[in-house]
Amino acid sequence: MESINYKLEVFEGPMDLLLHLINKHKLNINDIPIVELVNQYLDYVRQMESADFDIAGDFLEMAARLIYLKTVSLLPRHEEAEKLKAELTGELIEYRDCKIMAEKLSRQTQGFDRFVRAPQEGYINYDYERFHESEELLNAYISVAGKAQRRLPPPVDSFRDIVAKKFVNVATKINAVVSRLRSGKKIKFLRLFEGSKSKSDIVAVFLAVLELAKSKRITLEGSVNNPDVQIAKEVETVEL
């Protein structure tokens, strides 16, 4: 059997090869039949291997990319395949346009290996001649000074209001609520917050009522918005 002789062209990269296959087989670059393109590309890579060509890694990487694209396109739901195909199409169109422009520039510059502009005399004035109004200079200084201050850590005084807040012990408020209820009379829920001087006091009283209700040491009855609070049984003062 007579052996088949063929001559493989040299391509700059996988995009160059794909563009060659599309033009050779007159495929629509905007709607590439991916299965046909994959088969042609893999056949060409195999020919390169059999001809002992040194196949660059980017050719093999593109082969893996095309095989994956072919695989996902065979799935019942192939949204990913459409996305990958659109990405490949965009890259091919961009490569084609760049190649066309490169060929045009090559024809225009044929015979020239360098472009040199004639030396031109220039004048550099190292003296700052712009005039600034005093208000403009002041605003520039304030702007620079403000940026410098923003890079500094906040002063210690800015933390004083935070760390100086009084710590309110919930156990103390539990004893206070129990003391007010020792007479056995019912008290309106909101009256328990009388005398609270801060948010911490209010929160501590509320947590104290929740703890006493949870342990069934007090009962809450009546209106949901402002129930009556009554001690359920005699309790000992909580030790602090």
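One is the number of the first residue; the rest follow in order along the sequence. Treat the numbers as computed from the prediction; the structure is a model and nothing was measured.
Arg217 places no side-chain N or O within 3.5 Å of a backbone atom of Glu211 that could act as its donor or acceptor partner.
Atom NE2 of residue His25 and atom CD of residue Glu36 lie 7.0 Å apart, to the nearest 0.5 angstrom. Here the straight-line distance linking atom CG of Leu207 with atom NZ of Lys173 works out to 11.5 Å at 0.5 Å rounding. Here Ile34 contributes atom CD1 and Ile67 contributes atom CD1; the two are 11.0 Å apart, rounded to the nearest 0.5 Å. To the nearest 0.5 Å, the span separating NZ on Lys70 from CG on Asn39 amounts to 4.5 Å. Within the model, atoms CE of Met15 and CE of Met62 stand 4.0 Å from one another, a figure rounded to the nearest 0.5 Å. The distance from atom CD1 of Ile187 to atom CG of Leu181, rounded to the nearest 0.5 Å, is 4.5 Å.
By the 30° and 60° cut-offs, the orientation of the rings of Phe59 relative to Tyr41 is parallel.
With respect to Lys186 and Glu221, a salt bridge is recorded, a charged nitrogen being found less than 4.0 Å from a carboxylate O.
Residues Ser196 and Ile202 approach most closely at CB-CG1, 3.7 Å, considering heavy atoms.
The side-chain hydrogen bond (donor to acceptor under 3.5 Å, both in side chains) pairs that include a residue from residues 81-92 are Asp31-Lys85, Arg65-Glu91, where partners are two or more places apart or lie in different chains. Annotation: salt bridge (charged side-chain N to carboxylate O under 4.0 Å, His left out) contacts involving residues 131-144, sequence neighbours excluded, comprise Arg130-Glu136.
You'll find the side chain of Leu27 stays beyond 4.5 Å of the side chain of Leu21, heavy atoms only.
Between the side chains of Tyr68 and Glu80, at least one donor N or O sits under 3.5 Å from an acceptor N or O.
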